[in-house]
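Below, all heavy atoms of this structure are taken into account, side chains as well, without hydrogens, waters or symmetry copies.
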Amino acid sequence: AQKAAKDATGLWALLKRFATAKDPNAPPAAWACAEMLCSTNEVVEQILNNGLLLLLLAVVVGHPDCCSSLEGRCGALSILQRCLRDPITGPRVLSTLVRFLPGTVANSVRDVKDPAETLKQFDVESETPALVWNKSMRGTLRAAVAEEYKRYREACPDGGAEGPEGHAWQLKHDYTVHYPELDGELVVGGIYLRLFLKEPTFDLPLPLEFLEQLLLKFFGDLEAQLSE
């Protein structure tokens with residue numbers, strides 16, 4: 001099974017079968033098995049290089065062509081979290097994920113251990129110094145994922161992992177999702193400064209890292225002003 005999973009097309013077919021299943025009685029163990037197969041660097045590389053990250057996101061956001069059950073969404077999210085925590089390829093997965101999600105949301109996906117709790121955060125409104133996420137932003141993400149999924153289907157009409165020219169499917173090099181709600185927000189160390197100033201007693205998840213990044217930002221801006 002692992003040998004087949006390391007093959008891009010085989011891995012895509014395996015996850016696509018689970019992701020697009022409409023049967024609500026599909027065994028939850030199917031996603032757990034898929035997560036186990038995604039525990040090696042080689043497989044994470046395939047996820048990055050062949051559009052599998054997009055398929056997992058489509059399940060999480062509730063794309064109409066994908067599995068919409070809680071088990072399926074949690075299963076897809078578990079695979080994303082496993083990939084994000086890989087010490088070698090995790091940073092590459094995160095850099096791809098932040099092209100779809102605000103950095104603070106992507107960090108939350110990585111850091112919250114329980115997939116069900118992460119889904120709960122995804123589905124509710126939040127405006128704290130550490131997380132800004134609401135219905136409008138969810139709509140923006142769903143529309144972006146739907147558009148990219150459509151582009152994948154057009155590039156790979158046979159449902160494989162490669163486009164018609166034999167190259168691996170991937171995002172356009174300048175692709176990023178724009179969230180107007182975050183325009184003008186200054187984020188330092190994963191914290192929205194405007195909201196932190198309104199709520200200075202907020203329990204920072206990484207206070208020392210935040211202080212370090214804040215000082216770097218301050219002295220960096222000061223140096224830039226003095227050099228003008």
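- With a 4.5 Å cut-off on side-chain heavy atoms, T128 and L195 do not count as touching.
- Annotation: L226, atom CG; neighbour count of heavy atoms from other residues, nucleotides and ligands within 6.0 Å is above 12.
- Looking at every heavy atom in both residues, G103 comes nearest to V98 through CA-CG1, 4.1 Å.
- For the atom pair CD1 of I191 and CG of L197, the computed distance is 11.5 Å after rounding to the nearest 0.5 Å.
- No hydrogens or angles considered: nothing links the side chains of S126 and Q121 as a donor-acceptor pair under 3.5 Å.
- By the side-chain contact (heavy atoms from CB on, under 4.5 Å) test, R99 pairs with L171, Y175, sequence neighbours left out.
- Scanning both residues, H178 and T140, for their nearest heavy atoms gives O-CG2, 3.6 Å.
- Applying the ring pair (Phe, Tyr, Trp, His ring centres under 6.0 Å) rule to pairs touching residues 181-213 yields F196-F210, sequence neighbours excluded.
- Under the 4.5 Å side-chain criterion, counting only non-hydrogen atoms from C-beta, L193 is not in contact with P129.
- T96 OG1 to L53 CG: the interatomic distance, rounded to the nearest 0.5 Å, is 6.0 Å.
- With rounding to the nearest 0.5 Å, the separation of SG in C74 from CD in E117 is 10.5 Å.
- Linking Ile, Leu, Val, Met, Phe, Trp and Tyr whenever their side-chain heavy atoms come within less than 4.5 Å puts L70 and I79 in one cluster.
- In this structure the side chain of W133 never reaches within 4.5 angstrom of the side chain of E125, judged on heavy atoms.
- E148 has a carboxylate O that lies under 4.0 Å from a charged side-chain N of R151, or vice versa, which qualifies the two as a salt bridge.
- Within the 4.5 Å cutoff, side-chain heavy atoms of P102 are placed close to those of L182.
- No donor-acceptor distance shorter than 3.5 angstrom exists from the side chain of T89 to the backbone of R92, with no hydrogens or angles considered.
- Proximity of F122 to L141: side-chain heavy atoms (C-beta onward) are separated by under 4.5 Å at one or more points.
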**Item:** Residues D111, L84; criterion side-chain contact (heavy atoms from CB on, under 4.5 Å); working and verdict
**Value:** CA-CA 9 Å; D111 297 336; L84 283 166; over 6 Å; no

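- Two residues are said to be in side-chain contact when any heavy atoms from C-beta on lie closer than 4.5 Å; T176 and F100 fail this criterion.
- No donor-acceptor pair closer than 3.5 Å links the side chain of S108 to the backbone N or O of T104.
- Nearest heavy atoms, L94 versus A106: CD1-CB, 3.8 Å.
- Residues S78 and P115 come closest through the heavy atom pair OG-CG, 3.1 Å.
- You'll find the side chain of E185 reaches within 4.5 Å of the side chain of R194, heavy atoms only.
- Residue V112 is not grouped with residue L77 when hydrophobic side chains (ILVMFWY) are merged at heavy-atom distances under 4.5 angstrom, including chains of intermediate members.
- The minimum heavy-atom distance linking R142 with V61 is given by the pair NE-O, 2.6 Å.
- With salt bridges taken as basic N to acidic carboxylate O contacts below 4.0 Å, none links D86 and R82.
- Separation of atoms CG (L57) and CG (L97) is listed at 5.5 Å; rounding is to 0.5 Å.
- Contact between C67 and S69 at its shortest, heavy atoms only, is SG-OG, 3.2 Å.
- Side-chain contact between K217 and L186 is present, with heavy atoms from C-beta onward closer than 4.5 Å.
- Remark: side-chain polar atoms of Q81 are paired, donor with acceptor, to backbone N or O of V109 under 3.5 angstrom.
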